[in-house]
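Take a look at the structure below.
Since the model is a prediction, treat every value here as computed from it, not as a measurement. Throughout, a chain's letter reflects where its sequence line sits, starting with A, and its residues are numbered from 1.
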Number of protein chains: 2
Amino acid sequence: MARTTGSDGEKTEAAVREAAVSLIARLGYEAMSMRQLAAEVGVQAAALYRYFPTKEDLLFTLMREHMEGLLNAWEAARPASADPVTRLAAYVENHIAFHIERRHATHVSNMELRSLSHERLTQILKMRTAYEKELRTILRDGAEAGAFEIDDTGLTAMALIQMMTGVIVWFRPGERLSLAEVTASYLSMTMRLVGATISHGTARPSGRAGDAVAL
Amino acid sequence: MARTTGSDGEKTEAAVREAAVSLIARLGYEAMSMRQLAAEVGVQAAALYRYFPTKEDLLFTLMREHMEGLLNAWEAARPASADPVTRLAAYVENHIAFHIERRHATHVSNMELRSLSHERLTQILKMRTAYEKELRTILRDGAEAGAFEIDDTGLTAMALIQMMTGVIVWFRPGERLSLAEVTASYLSMTMRLVGATISHGTARPSGRAGDAVAL
DNA sequence: GAATTAATTGAACGTTCGTTTTATTAGTGT
DNA sequence: ACACTAATAAAACGAACGTTCAATTAATTC
């Protein structure tokens, strides 16, 4: 046989991407075979090579677009305000919303870095560093303005990002906690962690707030 | 050829474990071949099967012993005191010390869970859950005693563990920060995050402390 | 409706994988 | 010195891997 009725390149490529993200997140990049991916899409393995020249190209494309999406989301969400507390809150809210929305893709981007070539790894890490730098800048500005009390800006940024990203490990939509509740809790924890002393306008979560922070 | 001069089963097995942890951490379980592992040990691939019946058995052994080590370390480090702040501090110190000391093994235990059979995965997760429960208990006790201010015990425990474990991603011994400095910073961040209000005896880190906590 | 292009199949290629089998040598107990 | 066991090498197994190629059909263009 050959071309099948109703076949459409764009649709197939989209299906491949979607299935790949899900399969790689579940099995891991090395454990997923091209034949497995093809079967998930409902196509023969050879057909995949019309859209991605190699398996690694497919992985890299998924990762690059994920990171670009993250940077774009922050670009769109970043507030005009110079108030560090507001900026930090926006960063936390955007980070959690984005990562919960794209749990599988985040998993792939965080776990499969070692399967990239050196050059492509560098490219992805550059984007990641740029994103983290945004947080460090907010923390430094806040510390200098006296709004935060922070030991070490770099260390605090890493701690916060790992804490927030970790949400994708245990959070399942529709379970005990809603996205809004989780976000509110993480916001509250973040503000305490950085010793925020200035309040901002976001609504309060379940009731308790910190001593040092009024949310 | 066959048995080589000076060959010793115990030494070979230890060398296999060590090399396996390092290789799996660097390449991933699926990407590491038994031949590669054998070459690292300086032996033929077939020799590995004298010590581990299958590749998955090897992985499972490494993981199980890592988790047992973690639980034992906490058992030994857990303070007799009932003071939640002291107990939380001990948990944080033990967690960071253990994970930095065994960065590679931690990486393996966190990243390669999906390569285990269902039954073995359950076994590892049971140990992990037991360890996390220790933290939840401390947090709940502290909250009930009024020593902590916590929104959600489970969520806070996950956030703390992910924050602390994340240290292995960026920490490199002998770089900018010492283990003691990192531990002190994480202790400080932890205490603020849980809204600790009671001080305890541990020495202060670099200078700044929180508003809510005096360390 | 013929020519062209797009999408896919089915079969095959060489390589590598985890694992098994058999043979051979080093060490150990007597 | 001799039997026995422990530790390995060497070779081979079938299966699965990523990828390529030629053939074939569906859709599109003119």
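Distance CD (B:Glu10) to P (D:dT8): 12 Å, rounded to an integer number of Å. The distance from atom CD of A:Glu13 to atom P of C:dT8 is 11 Å, rounded to the nearest whole Å. Nucleotide C:dT20 holds its C1' atom 14 Å from the CG atom of B:Leu48, rounded to whole Å. Across the protein-nucleic acid pair, A:Lys55 atom NZ and D:dA16 atom C1' stand 12 Å apart, rounded to whole Å. Following rounding to the nearest Å, B:Arg50 (CZ) and C:dT19 (C1') show an atom-to-atom distance of 16 Å. Taking atom CG of residue A:Leu58 and atom P of nucleotide D:dG18, one finds them 11 Å apart after rounding to whole Å. In this structure, the CG atom of A:Asp57 is 13 Å from the C1' atom of D:dG18, given to the nearest Å.
With sequence neighbours excluded, the residues forming a side chain to side chain contact (heavy atoms under 4.5 Å, CB included) with B:Arg17 are B:Glu13, B:Phe52, B:Thr61, B:Leu62, B:Glu65, listed by chain and number. Legend: residues meeting salt bridge (charged side-chain N to carboxylate O under 4.0 Å, His left out) with A:Glu68, ordered by chain and number and at least two apart, are A:Arg64. A:Arg26 meets the side chain to side chain contact (heavy atoms under 4.5 Å, CB included) test with A:Ser22, A:Leu23; sequence neighbours excluded. In this structure, the salt bridge (charged side-chain N to carboxylate O under 4.0 Å, His left out) partners of B:Glu75, at least two apart in sequence or on a different chain, are B:Arg78. For the salt bridge (charged side-chain N to carboxylate O under 4.0 Å, His left out) test, residues two or more places apart in sequence or in another chain that qualify with A:Arg176 are B:Asp152. Partners of A:Ala47 according to the side chain to side chain contact (heavy atoms under 4.5 Å, CB included) rule, which considers only residues two or more places apart in sequence or in another chain, are A:Val43. The salt bridge (charged side-chain N to carboxylate O under 4.0 Å, His left out) test applied to B:Arg114 returns A:Glu112, not counting sequence neighbours. When the side chain to side chain contact (heavy atoms under 4.5 Å, CB included) test is applied to A:Glu132, the partners found at least two apart in sequence or on another chain are A:Arg128, A:Arg136, A:Met158, A:Ile161.
End-to-end axis angle of the helix from C:dG1-D:dC30 to C:dT30-D:dA1, from C1' rotation axes over five pairs per end: 10° (rounded to 10 degrees).
Listed nucleotides: D:dA7, C:dT19, D:dC21. Nearest to the side chain of B:Tyr49: C:dT19.
Atom CD of B:Glu56 has more than 12 heavy atoms from other residues, nucleotides or ligands within 6.0 Å.
Nucleic acid contact for A:Tyr51: sugar-phosphate only, since backbone atoms but no base atoms lie under 4.0 Å from a heavy atom of the residue.
The aromatic rings of B:His66 and B:Phe98 lie tilted to each other, with the angle between the two planes from 30° to 60°.
For DNA chain D, the residues of residues 29-45 of chain B within the heavy-atom distance limit of 4.0 Å (strictly under) are B:Arg35, B:Val43, B:Gln44, sorted by number. Contacts between residues 18-26 of chain A and DNA chain D, defined by a heavy-atom separation below 4.0 Å, involve no residue at all.
Counting only residues at least two apart or in different chains, side-chain hydrogen bond (donor to acceptor under 3.5 Å, both in side chains) contacts with residues 30-40 of chain A are absent.
The shortest distance between the side-chain N/O atoms of A:Thr12 and the OP1/OP2 oxygens of C:dA7 is not below 4.0 Å.
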